[in-house]
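Take a look at the structure below.
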Amino acid sequence: MSEVEVMAGTSPWADALPAEWWERLAARLIEALVFGVFYYILFIALWGIFRTVGMSEVFGGRLPGVCAWFAAGLGYACYDWWAHSRRGRTFGKAIMRIRLAPKPVPPRAALKRALIFPGPLMLMGIPVVNLVAGMLLFGVGMLILIDKPLERGPHDRLAGTRVVKDLR
């Protein structure tokens, strides 16, 4: 039997150990810490700029927060896309020694993944919409826990990826 015949019936992740839910959560918490610092720096800078030009009361004083959430969320989504398409993992995943499979992750698949999570973070500054975005993000996390044994979220399924342990 050739190698192609043996491989035809097996999963592309047959030899990879799936990452535990807590490893994925810890990786995202590590990234969220940096994201939070970036958001607050942006918020303070935008608040100062909008206050200086007399726009601090536009949208009931929420304009700096809306803009900061959008810019930080866009930055996080772009970073997530770039890191996964280039190296197959973000710095949080690298610290936790996990990565995406299959490797390399095609840029289009990484973009789909980033738009589902963390993409909705761009909408967190908009009142009422932030509730829907928060529920979507919570749902993504819950679906990862529910999906046994693969533990893939909707963003993983859409991109055709899976988070696995990096045993190198």
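Being a predicted model, the structure only gives us computed values, none of them experimental.
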Side-chain donor-acceptor pairs under 3.5 Å in residues 16-24, sequence neighbours left out?
{"from": "Glu23", "atom 1": "OE1", "to": "Glu20", "atom 2": "N", "distance (Å)": "2.7"}
{"from": "Arg24", "atom 1": "NH1", "to": "Glu151", "atom 2": "O", "distance (Å)": "2.7"}
{"from": "Arg24", "atom 1": "NH1", "to": "Asp156", "atom 2": "OD2", "distance (Å)": "3.3"}
{"from": "Arg24", "atom 1": "NH2", "to": "Asp156", "atom 2": "OD2", "distance (Å)": "2.8"}

Just jot down the ring-ring contact (aromatic ring centres under 6.0 Å, His included) partners of Phe35, sequence neighbours excluded, or say none. Trp69, Tyr76
Taken in chain and number order and not counting sequence neighbours, the residues that satisfy ring-ring contact (aromatic ring centres under 6.0 Å, His included) with Phe91 are Tyr79
Between [X] and [Y], is any pair of side-chain heavy atoms under 4.5 Å apart?
X	Y	result
Cys67	Phe50	yes
Leu111	Leu115	yes
Leu74	Leu121	no

Any idea which heavy atoms bring [X] and [Y] closest together, and the distance?
X	Y	result
Pro127	Arg62	CG-CD, 3.6 Å
Leu46	Ala68	CD1-N, 3.6 Å
Pro120	Leu136	CG-CD2, 3.4 Å
Ala72	Phe38	CA-CE2, 3.7 Å
Gly119	Ala77	CA-CB, 4.2 Å
Ala159	Arg113	CB-CB, 3.8 Å

Quick one: side chain to side chain contact (heavy atoms under 4.5 Å, CB included) partners of Val129, sequence neighbours excluded? Leu123, Ile126
ring-ring contact (aromatic ring centres under 6.0 Å, His included) pairs, two or more places apart, involving residues 120-167: Phe117-His155
Do you reckon Trp81 sits in the same ILVMFWY cluster as Val34, going by side-chain contacts under 4.5 Å, direct or chained? yes
Distance-only, no hydrogens or angles: does the Asn130 side chain make a donor-acceptor pair with backbone N or O of Val128 under 3.5 Å? yes
Please tabulate, for the side chains in residues 93-105, all donor-acceptor contacts under 3.5 angstrom to protein atoms that are two or more places apart in sequence or on a different chain.
{"from": "Lys93", "atom 1": "NZ", "to": "His84", "atom 2": "NE2", "distance (Å)": "3.2"}
{"from": "Arg97", "atom 1": "NH2", "to": "Arg168", "atom 2": "O", "distance (Å)": "2.7"}

